[in-house]
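These notes concern the structure reproduced below.
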Amino acid sequence: MNNLKFIKQGYFTFEIENSLSEKTKEIPKGYGVYKIYANSIKGELLYIGKGGTVHTDGGFDKQPLKRRLNNTQENIRREKFFIKKMNEDKQLKILYIKWFIIDEKLFLPAYYEATLIQDYYSKHSKLPKWNKKY
């Protein structure tokens, strides 16, 4: 991951009583990647994702990073997905979500996502728990 360059990065935490749209409102416009950890930045890495899919014509979908974080996972609204997972796992008290805005002219969001997933896979011989496949 050391070779990846980011325009801006930050994090927020999410607890059951939080509003995800409120928590993500400070994320600037742009495309990028994100990592979701259990309970702290040192906790288990649960998910790696991206916001920004490029089309054949070179245009991007209408899902920059902030919007992607607020969209869906496993066919339910992301906020409800987080709450469901936290209710299922009583050890999971808080989600730590680290985000990175990238310069999509240098590399596509999928490249960053693939690099992060490859790095994780190389160390653990598996995907993060919430990444179903890659």
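Computation of the quantities below employed the complete heavy-atom set of this structure, encompassing side-chain atoms and omitting hydrogens, waters and symmetry-equivalent molecules.
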For the side chain to side chain contact (heavy atoms under 4.5 Å, CB included) test, which of His124, Gln118, Lys123 pairs with Tyr121?
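Running side chain to side chain contact (heavy atoms under 4.5 Å, CB included) over His124, Gln118, Lys123 with Tyr121 returns exactly one hit, Gln118.
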
Any side-chain heavy-atom pair of [X] and [Y] under 4.5 Å:
X: Tyr37; Y: Lys42; value: no
X: Leu45; Y: Lys129; value: no
X: Gln9; Y: Lys98; value: yes

Please evaluate residues Thr13 and Lys23 with respect to the criterion side chain to side chain contact (heavy atoms under 4.5 Å, CB included), reporting the C-alpha separation (whole Å), side-chain torsions for both, the decisive distance (0.1 Å), and the verdict.
CA-CA 8 Å; Thr13 57; Lys23 289 290 189 167; 3.9 Å; yes

Evaluate the side chain to side chain contact (heavy atoms under 4.5 Å, CB included) criterion for residues Val33 and Lys50: first the C-alpha distance (whole Å), next the side-chain angles of each, then the deciding distance (0.1 Å), finally the verdict.
CA-CA 4 Å; Val33 291; Lys50 68 171 173 54; 4.1 Å; yes

Looking at [X] and [Y], what are the two nearest heavy atoms and their distance?
X: Glu74; Y: Lys132; answer: OE2-CE, 2.8 Å
X: Pro109; Y: Gly32; answer: CB-O, 4.1 Å
X: Gly51; Y: Arg68; answer: CA-CB, 3.8 Å

Do any N or O atoms from the side chain of [X] and from the backbone of [Y] form a donor-acceptor pair under 3.5 angstrom?
X: Thr72; Y: Asn75; value: no
X: Tyr112; Y: Lys5; value: yes
X: Asn87; Y: Lys84; value: no

Over 12 non-hydrogen atoms of neighbours within 6.0 angstrom of CD in Gln91:
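For Gln91, atom CD is not crowded (no more than 12 foreign heavy atoms under 6.0 Å).
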
Spacing of [X] atom [atom1] and [Y] atom [atom2] [to the nearest 0.5 Å]:
X: Gln73; Y: Lys85; atom1: CD; atom2: NZ; result: 8.0 Å
X: Leu108; Y: Glu113; atom1: CG; atom2: CD; result: 11.5 Å
X: Arg67; Y: Lys29; atom1: CZ; atom2: NZ; result: 12.0 Å
X: Lys93; Y: Asn39; atom1: NZ; atom2: CG; result: 8.0 Å

Sequence neighbours left out, what passes side chain to side chain contact (heavy atoms under 4.5 Å, CB included) with Ser21? Give chain and number order.
Ser19, Asn70

Please tell me whether Ile102 and Tyr111 are part of a single hydrophobic cluster in this structure, the criterion being side-chain heavy atoms less than 4.5 Å apart.
yes

Co-membership, hydrophobic cluster, residues Phe6 and Leu116, 4.5 Å side-chain
yes

Linking Ile, Leu, Val, Met, Phe, Trp and Tyr through side-chain heavy atoms less than 4.5 Å apart, which residues share a cluster with Leu20?
Ile7, Phe12, Phe14, Ile16, Ile27, Tyr34, Ile36, Leu46, Tyr47, Leu65, Leu69, Ile76, Phe81, Phe82, Ile83, Met86, Leu92, Leu95, Ile97, Trp99, Ile101, Trp130

From CA spacing to verdict: side chain to side chain contact (heavy atoms under 4.5 Å, CB included), Ile48, Tyr120:
CA-CA 9 Å; Ile48 297 169; Tyr120 184 88; 4.3 Å; yes

